[in-house]
Amino acid sequence: MADRVDMQYIQRILKTHHRRNHTKFTREQLKSLINVFNYEPYPNYTTRQKLALEINMEESRIQIWFQNRRARHLFEKRSKPNEALKSSQERRQDNPEERSQVRRCHTYYNTSQLCTLKKAFKNNPYPGIECREQLAKEIGVPELRIQVWFQNRISRLLSQVKEDPEETTDSETEKQESRVLKPHEMR
DNA sequence: ACTAATCTGATCACTGCCCCAGTGATCAGCACATTAGT
(Lines give C-alpha, C1' and ligand atoms only; values in the text may rest on other atoms or scores of the structure.)
Protein backbone atom coordinates (compact mmCIF):
# COMPACT_ATOMS: atom_id res chain seq x y z
CA MET A 1 0.00 0.00 0.00
CA ALA A 2 2.74 2.41 1.06
CA ASP A 3 4.68 1.51 -2.11
CA ARG A 4 1.71 2.33 -4.30
CA VAL A 5 1.27 5.70 -2.63
CA ASP A 6 4.97 6.45 -3.10
CA MET A 7 4.79 5.52 -6.79
CA GLN A 8 1.95 7.96 -7.34
CA TYR A 9 3.96 10.56 -5.48
CA ILE A 10 7.06 9.88 -7.58
CA GLN A 11 5.12 9.94 -10.85
CA ARG A 12 3.53 13.24 -9.95
CA ILE A 13 6.91 14.76 -9.18
CA LEU A 14 8.59 13.41 -12.32
CA LYS A 15 5.74 14.70 -14.43
CA THR A 16 6.18 18.23 -13.10
CA HIS A 17 9.99 18.22 -12.82
CA HIS A 18 11.31 20.36 -15.63
CA ARG A 19 14.62 22.08 -15.81
CA ARG A 20 15.25 25.67 -16.76
CA ASN A 21 16.32 26.10 -20.39
CA HIS A 22 20.03 25.62 -20.91
CA THR A 23 21.58 29.11 -21.00
CA LYS A 24 23.91 29.77 -23.91
CA PHE A 25 26.40 32.56 -23.21
CA THR A 26 27.73 34.52 -26.17
CA ARG A 27 31.46 34.85 -26.80
CA GLU A 28 31.35 38.45 -25.52
CA GLN A 29 29.43 37.54 -22.39
CA LEU A 30 31.92 34.76 -21.61
CA LYS A 31 34.83 37.15 -22.16
CA SER A 32 33.39 39.57 -19.60
CA LEU A 33 32.62 36.79 -17.13
CA ILE A 34 36.12 35.32 -17.39
CA ASN A 35 37.70 38.77 -17.00
CA VAL A 36 35.84 39.32 -13.75
CA PHE A 37 36.53 35.77 -12.57
CA ASN A 38 40.28 36.24 -13.06
CA TYR A 39 40.52 39.00 -10.49
CA GLU A 40 37.41 38.31 -8.42
CA PRO A 41 36.30 34.66 -8.33
CA TYR A 42 33.84 35.43 -5.50
CA PRO A 43 31.95 38.51 -6.71
CA ASN A 44 29.46 39.96 -4.25
CA TYR A 45 25.84 40.72 -5.06
CA THR A 46 26.57 44.30 -6.17
CA THR A 47 29.29 43.16 -8.56
CA ARG A 48 27.11 40.39 -9.95
CA GLN A 49 24.25 42.83 -10.49
CA LYS A 50 26.53 45.31 -12.23
CA LEU A 51 27.86 42.54 -14.45
CA ALA A 52 24.33 41.40 -15.16
CA LEU A 53 23.44 44.84 -16.50
CA GLU A 54 26.67 45.04 -18.43
CA ILE A 55 26.25 41.77 -20.31
CA ASN A 56 22.45 41.71 -20.30
CA MET A 57 22.08 38.47 -18.37
CA GLU A 58 20.08 37.61 -15.25
CA GLU A 59 22.06 37.94 -12.02
CA SER A 60 20.97 34.46 -10.97
CA ARG A 61 22.56 32.93 -14.10
CA ILE A 62 25.78 34.81 -13.32
CA GLN A 63 25.79 33.47 -9.77
CA ILE A 64 25.41 29.90 -11.09
CA TRP A 65 28.11 30.49 -13.72
CA PHE A 66 30.57 31.57 -11.02
CA GLN A 67 29.70 28.55 -8.88
CA ASN A 68 30.33 26.16 -11.77
CA ARG A 69 33.46 28.02 -12.83
CA ARG A 70 34.93 27.85 -9.32
CA ALA A 71 34.16 24.13 -9.15
CA ARG A 72 36.03 23.52 -12.44
CA HIS A 73 38.86 25.83 -11.42
CA LEU A 74 39.30 24.16 -8.02
CA PHE A 75 39.28 20.74 -9.66
CA GLU A 76 41.97 21.76 -12.16
CA LYS A 77 44.13 23.42 -9.53
CA ARG A 78 44.00 20.64 -6.98
CA SER A 79 47.37 19.34 -8.07
CA LYS A 80 48.78 22.80 -7.32
CA PRO A 81 47.43 23.59 -3.83
CA ASN A 82 49.11 27.00 -3.58
CA GLU A 83 47.17 28.15 -6.61
CA ALA A 84 43.82 27.16 -5.14
CA LEU A 85 41.17 29.82 -4.72
CA LYS A 86 40.80 31.23 -1.25
CA SER A 87 37.63 30.35 0.53
CA SER A 88 35.24 33.15 1.31
CA GLN A 89 36.00 32.65 5.01
CA GLU A 90 39.75 33.04 4.44
CA ARG A 91 39.16 36.13 2.35
CA ARG A 92 37.01 37.65 5.08
CA GLN A 93 39.75 37.01 7.66
CA ASP A 94 42.35 38.61 5.38
CA ASN A 95 40.29 41.63 4.57
CA PRO A 96 38.03 43.28 7.16
CA GLU A 97 36.26 45.16 4.37
CA GLU A 98 34.95 41.82 3.16
CA ARG A 99 32.89 41.46 6.32
CA SER A 100 30.71 44.35 5.30
CA GLN A 101 30.53 43.18 1.72
CA VAL A 102 27.12 43.25 0.21
CA ARG A 103 25.11 40.10 0.39
CA ARG A 104 21.80 40.00 -1.35
CA CYS A 105 19.10 41.61 0.80
CA HIS A 106 17.44 39.22 3.21
CA THR A 107 14.09 38.13 1.82
CA TYR A 108 11.19 38.32 4.24
CA TYR A 109 8.13 36.24 3.51
CA ASN A 110 4.80 37.20 4.99
CA THR A 111 2.36 34.65 6.39
CA SER A 112 0.43 34.37 3.17
CA GLN A 113 3.55 33.87 1.06
CA LEU A 114 4.86 31.24 3.49
CA CYS A 115 1.52 29.49 3.42
CA THR A 116 1.67 29.29 -0.37
CA LEU A 117 5.25 28.01 -0.31
CA LYS A 118 4.51 25.37 2.33
CA LYS A 119 1.49 24.18 0.43
CA ALA A 120 3.56 23.91 -2.74
CA PHE A 121 6.32 22.07 -0.87
CA LYS A 122 3.84 19.59 0.51
CA ASN A 123 2.59 18.94 -3.01
CA ASN A 124 6.07 18.73 -4.58
CA PRO A 125 9.36 19.32 -2.73
CA TYR A 126 11.30 19.38 -6.04
CA PRO A 127 9.36 21.83 -8.22
CA GLY A 128 10.46 22.29 -11.82
CA ILE A 129 11.12 25.62 -13.44
CA GLU A 130 7.50 26.18 -14.57
CA CYS A 131 6.20 25.51 -11.08
CA ARG A 132 8.80 27.78 -9.47
CA GLU A 133 8.07 30.57 -11.94
CA GLN A 134 4.37 30.27 -11.30
CA LEU A 135 4.96 30.45 -7.55
CA ALA A 136 7.28 33.42 -8.03
CA LYS A 137 4.59 35.24 -9.96
CA GLU A 138 1.93 34.27 -7.46
CA ILE A 139 3.73 35.60 -4.38
CA GLY A 140 5.79 38.31 -6.10
CA VAL A 141 9.30 37.03 -5.34
CA PRO A 142 12.12 36.30 -7.84
CA GLU A 143 12.23 32.69 -9.02
CA LEU A 144 15.71 32.04 -7.64
CA ARG A 145 14.52 33.03 -4.14
CA ILE A 146 11.86 30.33 -4.49
CA GLN A 147 14.51 27.83 -5.52
CA VAL A 148 16.68 28.75 -2.51
CA TRP A 149 13.69 28.52 -0.19
CA PHE A 150 12.97 24.98 -1.42
CA GLN A 151 16.67 24.04 -1.18
CA ASN A 152 16.91 25.21 2.41
CA ARG A 153 13.66 23.55 3.36
CA ILE A 154 14.50 20.17 1.81
CA SER A 155 18.02 20.32 3.24
CA ARG A 156 16.78 20.99 6.77
CA LEU A 157 14.07 18.40 6.48
CA LEU A 158 16.51 15.72 5.30
CA SER A 159 19.01 16.43 8.08
CA GLN A 160 16.18 16.39 10.58
CA VAL A 161 15.03 12.99 9.29
CA LYS A 162 18.63 11.71 9.40
CA GLU A 163 19.05 12.93 12.97
CA ASP A 164 15.87 11.34 14.23
CA PRO A 165 14.54 8.75 11.77
CA GLU A 166 12.21 7.27 14.38
CA GLU A 167 10.47 10.56 14.90
CA THR A 168 6.78 10.23 14.19
CA THR A 169 4.19 12.94 14.29
CA ASP A 170 0.45 13.10 14.14
CA SER A 171 0.54 15.93 11.65
CA GLU A 172 -0.47 14.79 8.18
CA THR A 173 1.73 17.49 6.66
CA GLU A 174 4.82 16.40 8.53
CA LYS A 175 4.12 12.75 7.76
CA GLN A 176 4.05 13.56 4.08
CA GLU A 177 7.15 15.72 4.27
CA SER A 178 9.10 13.09 6.18
CA ARG A 179 8.82 10.61 3.33
CA VAL A 180 10.49 12.94 0.92
CA LEU A 181 12.59 11.09 -1.64
CA LYS A 182 15.85 12.43 -3.06
CA PRO A 183 15.76 13.01 -6.84
CA HIS A 184 18.14 10.10 -7.57
CA GLU A 185 15.88 7.80 -5.56
CA MET A 186 13.01 8.73 -7.85
CA ARG A 187 14.72 7.47 -10.98
C1' DA B 1 32.36 15.98 -24.24
C1' DC B 2 31.32 20.17 -22.32
C1' DT B 3 28.87 22.80 -19.18
C1' DA B 4 24.45 24.86 -17.23
C1' DA B 5 21.24 23.30 -13.90
C1' DT B 6 20.30 20.97 -9.84
C1' DC B 7 20.91 18.77 -5.30
C1' DT B 8 22.90 18.12 -0.47
C1' DG B 9 25.06 19.52 3.58
C1' DA B 10 27.73 22.86 5.99
C1' DT B 11 28.29 27.37 7.32
C1' DC B 12 27.69 32.38 7.47
C1' DA B 13 24.74 36.34 8.63
C1' DC B 14 21.00 38.37 10.43
C1' DT B 15 16.65 38.80 13.34
C1' DG B 16 13.98 38.47 17.35
C1' DC B 17 14.52 37.78 21.66
C1' DC B 18 17.82 37.31 25.94
C1' DC B 19 21.09 32.96 24.87
C1' DC B 20 20.04 30.73 21.09
C1' DA B 21 16.71 29.08 17.61
C1' DG B 22 15.04 30.05 13.06
C1' DT B 23 15.93 30.99 8.47
C1' DG B 24 17.71 33.22 4.09
C1' DA B 25 22.20 33.41 1.49
C1' DT B 26 26.30 31.35 -0.05
C1' DC B 27 29.53 27.86 -0.79
C1' DA B 28 31.93 23.22 -1.97
C1' DG B 29 31.34 18.92 -3.62
C1' DC B 30 38.09 15.02 -2.37
C1' DA B 31 37.59 6.93 -4.66
C1' DC B 32 37.54 14.88 -7.18
C1' DA B 33 28.73 16.09 -6.08
C1' DT B 34 25.12 14.48 -10.02
C1' DT B 35 21.95 15.27 -13.93
C1' DA B 36 20.80 16.56 -18.37
C1' DG B 37 20.73 19.78 -22.66
C1' DT B 38 23.50 20.89 -26.70
Side-chain angles (χ1 to χ4, degrees), chain A residues 10 13-14 16-27 29-31 33-34 37 40-49 52 55 57-81 83-111 113-115 117-118 121 124-133 135-136 139 141-164 174 177 180-187:
Chain A
I10 292 162
I13 286 171
L14 286 176
T16 55
H17 200 79
H18 297 297
R19 287 189 155 216
R20 175 195 307 277
N21 286 338
H22 202 82
T23 304
K24 181 72 188 157
F25 295 100
T26 65
R27 202 183 291 254
Q29 286 173 327
L30 277 176
K31 199 175 158 191
L33 287 166
I34 291 166
F37 183 86
E40 181 54 85
Y42 294 87
N44 64 24
Y45 179 56
T46 309
T47 307
R48 291 199 308 268
Q49 253 191 335
I55 66 171
M57 178 62 64
E58 282 175 58
E59 183 272 329
S60 62
R61 295 310 92 210
I62 290 176
Q63 185 171 22
I64 297 296
W65 184 88
F66 272 88
Q67 279 174 11
N68 281 321
R69 181 85 183 180
R70 282 195 300 270
R72 282 196 298 278
H73 189 86
L74 288 170
F75 173 77
E76 285 162 12
K77 295 290 177 188
R78 245 177 268 281
S79 54
K80 306 169 194 168
E83 284 187 41
L85 297 173
K86 283 192 171 187
S87 72
S88 51
Q89 198 173 357
E90 285 170 324
R91 289 181 311 122
R92 272 190 291 274
Q93 278 163 3
D94 285 357
N95 179 10
E97 295 260 322
E98 287 268 343
R99 274 181 227 119
S100 60
Q101 246 195 4
V102 191
R103 272 193 165 206
R104 184 191 310 275
C105 286
H106 203 83
T107 306
Y108 297 95
Y109 298 105
N110 62 32
T111 316
Q113 287 172 321
L114 272 178
C115 181
L117 288 169
K118 284 175 184 174
F121 185 89
N124 179 2
Y126 297 98
I129 181 67
E130 290 94 344
C131 181
R132 294 198 308 268
E133 275 175 346
L135 276 169
I139 67 172
V141 167
E143 180 272 325
L144 191 66
R145 295 307 94 214
I146 305 280
Q147 189 170 22
V148 168
W149 186 89
F150 273 83
Q151 279 175 359
N152 279 324
R153 191 162 177 92
I154 198 82
S155 172
R156 278 156 190 157
L157 184 68
L158 288 172
S159 55
Q160 197 182 321
V161 168
K162 202 183 260 181
E163 238 172 56
D164 198 357
E174 284 167 358
E177 285 181 357
V180 156
L181 291 167
K182 295 182 180 181
H184 67 270
E185 293 172 328
M186 296 175 189
R187 288 179 252 276

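Residue numbers start from 1 in every chain, and the chains themselves are labelled A, B, ... in the order their sequence lines are given, proteins ahead of strands.
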Check the phosphate of B/dA28 against A/Arg70, side-chain N and O only, distance under 4.0 Å to OP1 or OP2. Yes or no? yes

A/Glu40 versus A/Tyr42: any side-chain heavy-atom pair under 4.5 Å? yes

Rounded to whole angstrom, note down the C1' distance from B/dT15 over to B/dC19. 14 Å

Phosphate oxygens OP1/OP2 of B/dA13: is one of them under 4.0 Å from a side-chain N or O of A/Tyr45? no

Between B/dC30 and B/dA10 - C1' atom distance, rounded Å: 15 Å

Looking at A/Arg145, does any N or O in its side chain come under 4.0 Å of the phosphate oxygens OP1/OP2 on B/dA25? yes

Using the C1' atom on both, measure B/dA13 against B/dT35 and round to a whole Å. 31 Å

Is A/Arg69 close enough to B/dT3 that one of its side-chain N or O atoms is under 4.0 Å from OP1 or OP2 there? no

When rounded to the nearest Å, what value does the distance between P atoms of B/dG29 and B/dA1 take? 24 Å

Check whether any side-chain nitrogen or oxygen of A/Gln147 sits under 4.0 Å from OP1 or OP2 of B/dT6, and answer yes or no. yes

Which residues pass the salt bridge (charged side-chain N to carboxylate O under 4.0 Å, His left out) test with A/Arg145, not counting sequence neighbours? none

Grab the CD1-C1' distance between A/Ile146 and B/dA25 for me, whole Å please. 15 Å

State which of B/dT26, B/dG9, B/dA5 makes the closest approach to the side chain of A/Leu158. B/dG9

Could you work out the separation of B/dG37 and B/dC7 based on their P atoms and round it to a whole Å? 13 Å

5' priority, DNA chain B, between A/Cys105 and A/Lys24 [closest heavy atom]: A/Lys24

Which nucleotide wins on minimum distance to the side chain of A/Leu114, given the candidates B/dG24, B/dC27, B/dT6? B/dG24

B/dT8 to B/dT34 separation - C1' atoms, rounded to the nearest Å: 10 Å

Those residues at least two apart in sequence (or on a different chain) that pass salt bridge (charged side-chain N to carboxylate O under 4.0 Å, His left out) with A/Arg20 are A/Glu143

Which pairs, protein N/O on one side and nucleotides 19-23 of chain B N/O on the other, fall under 3.5 Å?
none

How about A/Phe150 and A/Phe121: are their ring centroids closer than 6.0 Å? yes

Between A/Ser159 and B/dA10, is there a side-chain N or O to OP1/OP2 distance below 4.0 Å? no

Residues two or more places apart in sequence or in another chain: which of them pass ring-ring contact (aromatic ring centres under 6.0 Å, His included) with A/His106? A/Tyr108

According to side chain to side chain donor-acceptor pair (under 3.5 Å), who are the partners of A/Gln49, at least two apart in sequence or on a separate chain? A/Tyr45

Can you tell me if the side-chain N/O atoms of A/Arg103 get under 4.0 Å from OP1 or OP2 in B/dT26? no

A/Asn152 and A/Ser155: side-chain donor and acceptor closer than 3.5 Å? no

I need the CZ-P distance between A/Arg19 and B/dT34, as an integer number of Å. 13 Å

Nearest-nucleotide check on DNA chain B, A/His22 vs A/Gln63; residue mapping nearer the 5' end is A/His22

P-based separation of B/dT23 from B/dC17 [nearest Å]: 14 Å

Rounding to an integer number of Å, can you tell me how far A/Asn44 CG sits from B/dT26 P? 10 Å

Please give the distance between the C1' atoms of B/dG9 and B/dA33 as a whole number of Å. 11 Å

By side chain to side chain donor-acceptor pair (under 3.5 Å), which residues pair with A/Gln113, not counting sequence neighbours? none

Does B/dT26 have its OP1 or OP2 closer than 4.0 Å to a side-chain nitrogen or oxygen of A/Arg48? yes

Please state how far atom CD in A/Gln67 lies from atom P in B/dC7, giving the value in whole angstrom units. 13 Å

Could you tell me the separation between the CZ atom of A/Arg72 and the P atom of B/dA28, rounded to a whole number of Å? 13 Å

